[in-house]
**Q** 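Before anything else, here's the structure in question.
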Amino acid sequence: MSVKEAIYAWYKTNGRHDLPWRQTNDAYKIYLSEIMLQQTQVKTVLERFYFPFLERFPTLQSVAVAPLDDVLKMWEGLGYYTRARNLHHTAIICKGVLPKNPEELGGLRGIGKSTAHAICSFAYHQALPILDANVKRVLCRYFALSIKDEKVLWEKAWKLLAVKHPYEHNQAMMDIGAMICTSKNPNCLACPLEFTCKGKNAPESYPKAVKKAKVPTKKRFALVVFQEGKLGLIQRKERLLHGLWGFVQVDEKPKGVHSLGKVAHTYSHFKLELEIIQGDALHVNVDGYFTEEEIESLALSTVDKKIIQKIFSSK
DNA sequence: CAGACGTGGTG
DNA sequence: TCACCAAGTCT
């Protein structure tokens, strides 16, 4: 049995066939799963976001006609909110109908080459390889590649895809990466590629780990302003958390003010230490004032929800 | 083309 | 406590 046949056989028996986005032909539902799963654990998407989102937005057209704020609200807590804005934009541009070829798909906001191929493979059963983190790791180990060179990996992926069942092959490669050829403690004995794997004697060294610069810490101040029992909030305009609602933040500590405590939050590229300051409504510009109940319907980032929690728990 | 971009889980 | 990771894309 060739390695390709072994991969296929392994998938039939051991693949994650129960994943909901594998039990549909609806390109929108597959596209949505691909976007949600970018840099995000399957467990998180499955248990907290995929079904509620589809409940609120059952079709791409329903996303297209909805206000962006509603889409962001369903994305609240998932992170990388540009994905939600790109999804909304794409829904409008496509008029609710996704194209069926990788070139057009890849031209849409938020859809790169790997996601375009994944949609074409999983929704339309086209013979195109995918190259996500799982597949990259499997390929690097199987061919003993120390460096994740995109060009080389795409070539390897194309060659391995020359099989009778490209759909199953792609799903299998992801499942093997997620379940067997894991980043830490890979289970080589259970791997269908083990027999001819060039990296099995030192899987941890393929690909070679690259050192990440450790993230800086920023100390800032969150301003809490009340007006007639309502909280003053802004809708963020900067790149980080764009479109989400939250408290005004400043770099310098305002003078002669009352501190309500501190919250810390870690982003992918910096750590934030926030001191919560009771501000003066006359000197803080906000986009609106909201009751605790009204805030429930706004999309807030995790750090702002931490602040809300702090404010209302200490009362 | 490195860095920006969120969050929660894990060893 | 902390580094690293998890179905990447954009600038």
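Protein chains get the first letters and strands the later ones, always in sequence-line order, with residue 1 at the start of each. Excluded from the calculations below are hydrogen atoms, water molecules and symmetry mates; all remaining heavy atoms, backbone and side chain alike, are included.
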**Q** Mind calculating the distance between CE (A:M36) and C1' (C:dG8) to the nearest angstrom?
**A** 16 Å
**Q** Within the structure shown, what part of the strands sits under 4.0 Å from A:V135 by heavy-atom distance: base, sugar-phosphate, or nothing?
**A** nothing
**Q** Report the distance from atom CG of A:L87 to atom C1' of C:dC10, rounded to the nearest whole Å.
**A** 16 Å
**Q** Please state the P separation for the pair B:dG3 and C:dA7 - nearest whole angstrom.
**A** 23 Å
**Q** Do the ring centers of A:F53 and A:F57 come within less than 6.0 Å of each other?
**A** yes
**Q** For each nucleotide in nucleotides 4-11 of chain B, reading 5' to 3', give B when a protein heavy atom comes within less than 4.0 Å of its base, S when such contact involves only the sugar-phosphate, and - otherwise.
**A** SBBBB---
**Q** Do A:K198 and A:F143 meet the cation-pi criteria used here (NZ or CZ under 6.0 Å from the six-membered ring centre, within 45° of the axis)?
**A** no
**Q** What is the distance, to the nearest angstrom, from the CD1 atom on A:I111 to the C1' atom on C:dA7?
**A** 14 Å
**Q** On DNA chain C, nearest-nucleotide positions of A:R109 versus A:E34: which is more 5'?
**A** A:E34
**Q** Kindly work out whether a path of hydrophobic side-chain contacts (I/L/V/M/F/W/Y, heavy atoms less than 4.5 Å apart) joins A:W21 to A:V135.
**A** no
**Q** If you measure from the C1' atom in B:dC1 to the same atom in B:dC5, how many Å do you get, rounded?
**A** 16 Å
**Q** For DNA chain C, whose closest nucleotide is more 5', that of A:R22 or that of A:G110?
**A** A:R22
**Q** Does any donor atom in the side chain of A:N86 or A:H89 lie under 3.5 Å from an acceptor atom in the other side chain?
**A** no
**Q** Ignoring backbone atoms, establish whether A:T115 has a side-chain N or O less than 4.0 Å from OP1 or OP2 of C:dA7.
**A** no
**Q** Are A:V257 and A:V224 co-members of a hydrophobic cluster defined by side-chain heavy atoms under 4.5 Å apart?
**A** no
**Q** How close or far is atom C1' of C:dA6 from atom NZ of A:K136, stated in whole angstroms?
**A** 13 Å
**Q** Output the rounded distance in Å from CZ (A:R85) to C1' (C:dT11).
**A** 13 Å
**Q** According to a strict under-4.0 Å criterion, is A:K211 in side-chain N/O contact with OP1 or OP2 of C:dA3?
**A** no
**Q** Whole angstroms only, please: what is the CE-C1' distance between A:M179 and C:dA6?
**A** 16 Å
**Q** Considering residues, nucleotides and ligands other than A:K29, do more than 12 of their heavy atoms fall under 6.0 Å from its NZ?
**A** no
**Q** Rounded to the nearest Å, what distance is computed from the CD1 atom of residue A:I35 to the C1' atom of nucleotide C:dT9?
**A** 9 Å
**Q** Give A:W75 one of three labels, base, sugar-phosphate or nothing, depending on what nucleic acid heavy atoms sit under 4.0 Å from its own.
**A** nothing
**Q** Going through the distances and angles, do A:R137 and A:D132 end up as a salt bridge (charged side-chain N to carboxylate O under 4.0 Å, His left out)?
**A** CA-CA 9 Å; A:R137 189 171 52 253; A:D132 56 19; over 6 Å; no
**Q** If you take any heavy atom closer than 4.0 Å to DNA chain C, which residues from residues 116-133 of chain A end up in contact?
**A** A:D132, A:A133
**Q** Please step through side-chain hydrogen bond (donor to acceptor under 3.5 Å, both in side chains) for the pair A:T90 and A:R85, ending with a clear verdict.
**A** CA-CA 9 Å; A:T90 289; A:R85 295 194 291 121; over 6 Å; no
**Q** Both conditions, 6.0 Å and 45 degrees, for the charged tip of A:K218 above the ring of A:F270: are they met here?
**A** yes
**Q** With a cut-off of under 6.0 Å to the ring centre and 45° to the axis, is A:K159 in cation-pi contact with A:W154?
**A** no
**Q** What integer distance in Å separates A:Q171:CD from C:dA7:C1'?
**A** 10 Å
